[in-house]
Amino acid sequence: MRLWLLAAVLLAALIAPAQAQPDHRGEALRISLLTFAPGKTYWQRFGHNAILVENTATGANAVYNYGMFDFFQKNFFLNFARGHMVYRLDVDTLDRTLRLYASEGRWVYQQVLALDAAQRLQMARFLETNARPENAEYRYDYFRDNCSTRVRDAIDRVLGGTLVASLKSQPVAVTYRHEATRLMRPILPLALGMDAIMGPAGDTAITRQEQSFVPEMLMQAVAEQRINGQPLVAEARYLLTDANSPVAPALPLRWAWTAFGIGLAFAGALALLGRADARGARLGFGLIGTLILLTMGVFGFFMLAAWTLTEHWSMAANWNLLLFSPLAWLLLPAVWRGSPRLSSAAMRGLAWLMLFGAALGLIGPQHNLAWIALWLPIHLALAYGLLRRS
């Protein structure tokens, strides 16, 4: 009898560890969408999201982060300027992830996805394969292939395409420009620069699928999504909360009237100085005119290079080139000398041509009214001043 008892104990000891191991059918897995608050640094302004895979049997977990980059990567800044950005998928533990975001004062929101065991296993295997060194790197795009769109597509993959199909059917009343400048608004110079450099592609109509390049927008979309009549999110909670977390602004900067006021101020100064014949007036006209023309030329050259020499599709065919024309540099001699040789009919014609181009922007497809309000009065006053001085 004791022999049978001993055999039973040994058998139980052998079976128990096998039962404690994670099964290979996904039943012990839990898949969550993690969304992180925007940060204070410029590359954190859009926020972030990731996928959390947990094994409830063993306690193991892994946070899969797309959209990771390294400033020390070979030719990083050159590739960034060219629009040939290579980012990667990194994996970390939940504990280390939460410590990092707690140190940055950013909230973390978890949405547990209502996936069946097969879908959870499929997701875990897909991410594990995707994270291998030979698969981890990918071509990054701000709007079409970033951390949020990769997470969206991974979820859509295990749902058989139903998530993206649903989001594609939902148009939104915003554009890429609206969302990008809204999120960057707290850093004003970057928000203005982003608005100026973006071409008409940033103003095309988008759906909720394209809008989900913003992590918080994907978080909201997933919260409202239903699969086969059931909510996609089984449960949701904050893993970290911080009252001082940066808040994403509700609207982008509205500054058309401010821009118009600044434009009128410069235009008024140019017009008054252009009418006067005193030496001080000529000097003032030359200084202000030089500042304006240099600014036009520098930014115009940058916009032209972004369109023609890089792969930044959102910067192509920028109508602001009519306002920031590189041709402005050709007018630099004319603002300093009034001789027929320098302020010739060609110079005056160029000034009026640039004015016409600036006005042409009013009928263009690009949402750049604020920039037109700023620069059109200046172009008009500059052309008028050169005509008077000649």
Side-chain angles (χ1 to χ4, degrees), residues 29-56 59-68 89-115 119-120 123-124 127 146-159 163-164 166-167 170 172 174 179-180 182-186 208-227 230-251:
L29 298 178
R30 183 166 65 171
I31 309 296
S32 302
L33 169 63
L34 299 182
T35 305
F36 306 91
K40 297 177 181 178
T41 310
Y42 63 91
W43 68 76
Q44 301 171 340
R45 282 306 311 161
F46 284 31
H48 181 58
N49 53 18
I51 298 177
L52 169 64
V53 178
E54 297 174 283
N55 190 312
T56 57
N61 63 69
V63 178
Y64 291 87
N65 291 281
Y66 287 98
M68 307 305 289
L89 167 63
D90 274 353
V91 187
D92 206 345
T93 65
L94 180 61
D95 183 60
R96 280 198 296 264
T97 299
L98 294 179
R99 286 205 305 268
L100 171 64
Y101 283 88
S103 69
E104 295 177 350
R106 299 163 66 182
W107 53 254
V108 180
Y109 190 66
Q110 178 186 21
Q111 293 168 294
V112 180
L113 302 181
L115 305 176
Q119 291 169 329
R120 296 196 296 269
M123 175 71 84
L127 292 172
N146 68 355
C147 66
S148 190
T149 64
R150 286 259 162 169
V151 166
R152 176 202 67 200
D153 293 345
I155 298 172
D156 181 65
R157 188 175 184 274
V158 300
L159 293 175
L163 175 61
V164 166
S166 174
L167 298 181
Q170 304 175 47
V172 292
V174 298
E179 292 295 78
R182 171 179 72 86
L183 293 165
M184 197 59 71
R185 179 177 172 177
R208 214 168 183 189
Q209 179 214 3
E210 287 95 359
Q211 189 190 23
S212 63
F213 83 92
V214 180
E216 279 193 72
M217 294 298 103
L218 179 62
M219 180 184 80
Q220 293 178 17
V222 167
E224 299 168 12
Q225 189 67 28
R226 302 183 75 84
I227 303 296
Q230 300 299 317
L232 177 55
V233 176
E235 57 180 285
R237 64 187 179 117
Y238 281 98
L239 299 181
L240 283 179
T241 57
D242 193 317
N244 298 316
S245 288
V247 178
L251 293 171

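Because the structure is predicted, anything quoted here is derived from the model rather than measured.
Closest approach of Val91 to Ala62, counting heavy atoms only: CG1-CB, 3.8 Å. Between Val53 and Ala124, the shortest heavy-atom distance links the atoms CG1-CB, 4.1 Å. The heavy-atom pair separating Ser212 from Ser148 by the smallest distance is O-OG, 2.6 Å. Of all heavy-atom pairs spanning Asn65 and Ala50, the tightest one is OD1-CB, 3.4 Å. Closest approach of Gly47 and Pro215 over heavy atoms only: C-CG, 3.7 Å.
Between Arg45 and Pro249, the closest side-chain pair of non-hydrogen atoms falls below 4.5 Å. Using a 4.5 Å heavy-atom cutoff, the side chains of Asn55 and Leu29 are in contact. Residues Asn49 and Met219 are not in side-chain contact: their nearest non-hydrogen atoms beyond the backbone lie 4.5 Å or more apart. Side chains of Arg208 and Gln225 form no contact here, defined as non-hydrogen atoms less than 4.5 Å apart. In this structure, Trp107 and Thr35 have side chains that are in contact, with non-hydrogen atoms separated by less than 4.5 Å. For the pair Phe46/Glu216, no side-chain contact is recorded, criterion being any heavy-atom separation below 4.5 Å from C-beta on. Residues Leu239 and Leu94 are in side-chain contact: their nearest non-hydrogen atoms beyond the backbone lie under 4.5 Å apart.
Interatomic distance, CG of Leu98 versus CZ of Phe36, reported as 7.5 Å (0.5 Å rounding). From Glu104, atom CD reaches atom OG1 of Thr41 across 7.0 Å, with rounding to the nearest 0.5 Å. If you take CG on Leu52 and OG1 on Thr93, they are separated by 10.0 Å, rounding to the nearest 0.5 Å. Interatomic distance, CG of Leu127 versus OH of Tyr64, reported as 5.5 Å (0.5 Å rounding). Here the straight-line distance linking atom CE of Met217 with atom CG of Leu167 works out to 12.5 Å at 0.5 Å rounding. One distance of note links OG of Ser32 with CD1 of Ile51; it measures 10.0 Å at 0.5 Å rounding.
No side-chain donor-acceptor contact under 3.5 Å links Arg120 to the backbone of Ile31. Side-chain atoms of Asp92 never come within 3.5 Å of backbone atoms of Thr97 as a donor-acceptor pair (strictly under, hydrogens ignored). Proximity of a side-chain donor or acceptor of Arg152 to a complementary backbone N or O of Gln209 within less than 3.5 Å is detected.
Taking Arg182 as the reference, Glu179 meet the salt bridge (charged side-chain N to carboxylate O under 4.0 Å, His left out) condition, with sequence neighbours excluded. With sequence neighbours excluded, the residues that form a side-chain contact (heavy atoms from CB on, under 4.5 Å) with Leu159 are Leu115, Gln119, Ile155, Thr162, Leu163, Ile227, Leu232.
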